[in-house]
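We count ligands from 1, going down the list as the structure has it; atoms in each ligand are counted the same way. All values below were derived from every heavy atom in this structure, side-chain atoms included, with hydrogens, water molecules and symmetry-related copies excluded. Residue numbers start at 1 and run along the sequence shown.
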Amino acid sequence: MLYINGEWIEPHSKKYYEVTNPATGELLAKVPHASKEDVDLAVSSAREAFDKGPWPKMNPRERGAILHRIGSLIEKHAEELALLESRNNGKTLKEAKRGDLPPAAEIFHYMAGWADKYTGETLPVSGPYLNYTLREPVGVVGAIVPWNYPLLIACWKLAPALAMGNTVVLKPSEQTPLTALRLAELLQEEADLPRGVINIVTGFGDTGAAISSHRGVDKVAFTGSVETARAILHASAESNLKRISLELGGKSPNIIFPDADFERATRAALWGVFANKGEVCSAGSRLFLHSEIYDRFLSHLLDKTRTLVVGDPLDPETDIGSLVSGEQLSRVEQYVSTGLKEGAQLLCGGSRVTTGAASKGFFYQPTIFGQVTQKMTIAREEIFGPVLSVIRFKTEEDLIAMVNDTPYGLVSALWTKDIERAHRMARQIDAGSVWINDYNCFDSASPFGGVKESGWGREMSHDALNEYTRVKSVWIHLG
Ligand code: ADP
């Protein structure tokens, strides 16, 4: 059912599709395929809640209290939501428990604190005037999210949008809509959110397109592929020029200098690319190794990679679960075969796993290619699977040229004990984040997002609030 105006309703077309567990093929649910008419209804409900409902006008501290309540609700139901996420996405249960649920709850607590603290300014204009700015909500926000961190990425958009007084129409990915729907049930039962503040429409690309081309939507917050981002930008251009924020792909560099802490850097290189089966926009999928340590580091990394267990996502011993779909598996297989054809050296993995608990799903071995060069497809395109491309470098100058020779710029990491080099590199790398001597550093208080074709706008931190507010300048003549 669709969640519109605080109620569960049937889709206008009565069309449903099946959502399955990618690890087992088990049918999990039949979910509506929302049409344009359903999106119209959801947008009207969000518009009504924004224009006439209590939400944007509420004392912001009260709104903050409701956000805290949502955060606590997610914490209270974290076990159940993690299990649902694992079954719907194929990620391991332990990853869902550790990586998806805690930050999904935390972003609500963090944004709750901002609800009454993100203010305008009084500005020193010339002439007999008092000039001040108001930070106002943008209105109806369309949130379109992908399948790799379904609930977490939805919460990264919901929390700041709600904190600033907006109302939302959320479209989860067609492949992983279940945790968002469950969250709506919990909100309905326990959160006291006014009707129409959050609406959820499930469906495919056409459902997303109905949101991005809708004249009643004031802003779209999108996470997904570059191709879809282009379609959304066109839709905005051809409708009401709605604001857009984009968090897209990456081909992120993880750079190891000879003076790196070897043990920690190896572990980070491993999890930087194999966490969540490599289906992570911030995956460290290009590993740059200095030639002095190339062989030694790689051999250590290969030893660790060979110990990874691929299989049943619910088994606590498993490290790598099922890819999200057969389509994603074929994409990974295609890239691996292109890597081989273009002359990269396959060092481990390179095929799917079809034995034991993995017989029914879309499991793929953790795969490492050595001697990758800048021209190869596997050094340039985002694979979104457990495949690592290892590139050798000698000088800092060559390194920077290679690191920045990509259309993407989401995150980056470098490992060195040389403080001057660390800061020098941090300035030179074209990316939204630079992690020094660690990988995957995320916190609600710190901005996350890309440069170049990795998108624009930021998730989390007070920078995100800018995405969900508009500024109004008020002038008063003082007589
Ligand atoms: P992925 O390849 O990771 O699935 P997509 O960009 O295809 O990334 O999908 C991300 C989200 O965008 C999903 O919710 C999907 O349904 C939605 N989507 C796909 N096509 C469109 C479109 N043309 N307009 C708006 N949303 C779309």
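Side-chain contact of E342 with T377: a donor-acceptor pair under 3.5 Å is present, judged by distance alone. There is a side-chain donor-acceptor pair under 3.5 Å between W415 and N254. Residues N166 and K157 have side chains that never bring a donor and an acceptor to within less than 3.5 angstrom of each other.
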Check: F442 and W435: ring pair (Phe, Tyr, Trp, His ring centres under 6.0 Å), yes or no, with the steps?
Finding: CA-CA 10 Å; F442 289 95; W435 296 322; 5.6 Å; yes

Next item on the list: Given salt bridge (Lys or Arg N to Asp or Glu O under 4.0 Å), test R470 with D218 step by step and report yes or no.
Entry: CA-CA 11 Å; R470 57 185 199 183; D218 300 296; over 6 Å; no

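In V145, the part holding a heavy atom less than 4.0 Å from any atom of ligand 1 is the backbone. In F222, the part holding a heavy atom less than 4.0 Å from any atom of ligand 1 is the side chain. Contacts between P172 and ligand 1, counted as non-hydrogen atom pairs separated by less than 4.0 Å, involve the backbone only.
From the protein, the heavy atom lying nearest to atom 15 (C) of ligand 1 is E174 OE1, 3.5 Å. If you check which protein heavy atom lies closest to atom 8 (O) of ligand 1, you get S225 N, 3.6 Å. The single protein non-hydrogen atom nearest to atom 19 (C) of ligand 1 is G205 CA, 3.5 Å, given as residue, atom name and distance. At the shortest separation from atom 18 (N) of ligand 1 among protein heavy atoms lies T228 CG2, 3.6 Å. Of the protein's heavy atoms, I144 CG2, 3.7 Å lies nearest to atom 17 (C) of ligand 1. In terms of protein heavy atoms, atom 24 (N) of ligand 1 is closest to A209 N, 3.4 Å. Counting protein heavy atoms only, atom 4 (O) of ligand 1 is closest to W147 NE1, 3.0 Å. Protein heavy atom closest to atom 23 (N) of ligand 1, with residue, atom name and distance, is A231 CB, 3.8 Å.
Within the structure, ring pair (Phe, Tyr, Trp, His ring centres under 6.0 Å) contacts touching residues 329-375 (residues at least two apart or in different chains) do not occur.
For the side-chain contact (heavy atoms from CB on, under 4.5 Å) test with I4, the passing option among I198, V169, I9 is I9; the others fail. Among F448, Y149, F108, the single residue meeting the ring pair (Phe, Tyr, Trp, His ring centres under 6.0 Å) criterion with W156 is F448.
Polar contact check, Q175 against ligand 1: no nitrogen or oxygen pair lies under 3.5 Å apart. Close N/O approach between T223 and ligand 1 is not found [any backbone or side-chain N/O within under 3.5 Å].
Per-residue contacts place F204 under 4.0 angstrom from the following atoms of ligand 1 (heavy atoms of the residue considered): 16 (O). Set against the non-hydrogen atoms of G208, the atoms of ligand 1 under 4.0 Å away are 24 (N), 25 (C), 26 (N). Taking a cut-off of under 4.0 Å to the non-hydrogen atoms of S173, the atoms of ligand 1 that pass are 14 (O).
Counting only heavy atoms from C-beta outward, the side chains of E7 and R195 approach each other to under 4.5 Å.
Taking the six-membered ring for Trp and thresholds of 30 and 60 degrees, Y17 and H33 have ring planes more than 60 degrees apart, a perpendicular arrangement.
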